Amino acid sequence: MTTAARFTETRFDEVTVLASTHGGAFPYGNTVVVHGSEATLVLDPSLDVDHDPVGADAVMISHAHEDHIAGLRHFDTAKYAHHDEVGRVRSLQVLLDGYGLTPEERAAVDAQIGDTFALTPGFPEARGVGDGHVFDLGDITATVVHLPGHTRGHCGVLVEPTGFFYIADIDLTRFGPMYGDVGSSVDDYLASIARVREVEARWYGTFHQKGVVEGARVLRERLKAYEGVIHRREERLLEFLDRPRRLDEIVEHRLVYRPHVQMPFVDAVERRTAQLHLERLARHGQTATTDQGTFYRP
Ligand SMILES: [Zn+2]
């Protein structure tokens, strides 16, 4: 296997993680290669991947965010994503639709994606798969595990009997979970974290930052801290509703990013995150809306 020097390769039995030498923070990430006796599957080819380093037989995309499909154009092979996600792999415009941007934000994000990722207009040949889909690679299998929340069709992939569970953007970072898309859901995210927690594996691989966590005990500690960020954001929102607030005030106050962070998608992520928490709190009777459309604690 030959790869460019921009990776550090780490082997986990039949799985190789191509860790970015840029560090795994956006726009970079860790590409995963699953080597079966009969076939090779690549997961989420990152921006560092400028050619197919392994002669892949298939590529599975965990979800259609630009950092996860950045290297996909270098693969002349079958491409897969979850049914709820594959439309965004097929079309960059559908991918952008999923961000819920204003026309102004959309132009800025489109330009930024163009500059950073040089994405093609899409991969119309990509095929949809569902939860439980099995890639038979010979001596090992790779099973799709639907883990929605980050996006509607976000998936992990469990490699057996190796015991490597790729959990993609349930990335265990201190920054915490991201759920700023039109198809995102806080409740789904919490359910997906609970589902990951139940899977006994030797290794858990994430797309960003550190990459691989060893053992279920360490994973569960990290998941607990990670999930805690969701609850802290909700508490901060409730504190901010010490008087009625408009949505744009909450967006400006920020639940996700620090005040100094300036990127074209920040307001859209803050808006969607705030909306999702407000809907969830309203379901639990903890917030309500005035006739003027402001939010308050009843
Ligand atoms: Zn993502």
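These numbers come from a predicted model, not from an experiment. Side chains are part of it too, since the values below use all heavy atoms of this structure and drop only hydrogens, waters and symmetry mates. Order of appearance sets the numbers: ligands from 1, and atoms from 1 within every ligand. For reference, positions follow the sequence shown, starting with 1.
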Checklist entry - If you look only at pairs with a residue in residues 70-83, which of them pass as a salt bridge (Lys or Arg N to Asp or Glu O under 4.0 Å), with sequence neighbours excluded? => result Lys79-Glu125
Checklist entry - What's the verdict on salt bridge (charged side-chain N to carboxylate O under 4.0 Å, His left out) for Glu85 and Arg88, showing C-alpha distance, side-chain angles and the deciding distance? => result CA-CA 6 Å; Glu85 201 73 26; Arg88 300 177 78 186; 3.7 Å; yes
Checklist entry - When you check the gap from the basic side-chain N to the acidic O, do Glu198 and Arg195 get nearer than 4.0 Å? => result no
Checklist entry - What protein N/O/S atoms sit under 2.8 Å from the Zn ion (ligand 1), by chain and number? => result His63 NE2, His65 ND1, His150 NE2, Asp169 OD2
Checklist entry - In the hydrophobic clustering that connects Ile, Leu, Val, Met, Phe, Trp and Tyr at side-chain heavy-atom distances below 4.5 Å, which members other than Val229 occupy its cluster, ordered by chain and number? => result none
Checklist entry - Phe175 vs Tyr257 aromatic rings, parallel, tilted or perpendicular, using cut-offs 30° and 60°? => result tilted
Tabulate below the donor-acceptor pairs under 3.5 Å that side-chain atoms of residues 135-149 make, not counting sequence neighbours, or state none.
| residue | atom | partner | partner atom | Å |
| --- | --- | --- | --- | --- |
| Asp136 | OD1 | Gly138 | N | 3.0 |
| Asp139 | OD1 | Ser37 | N | 2.7 |
| Asp139 | OD1 | Ser37 | OG | 3.2 |
| His146 | NE2 | Arg152 | O | 2.8 |

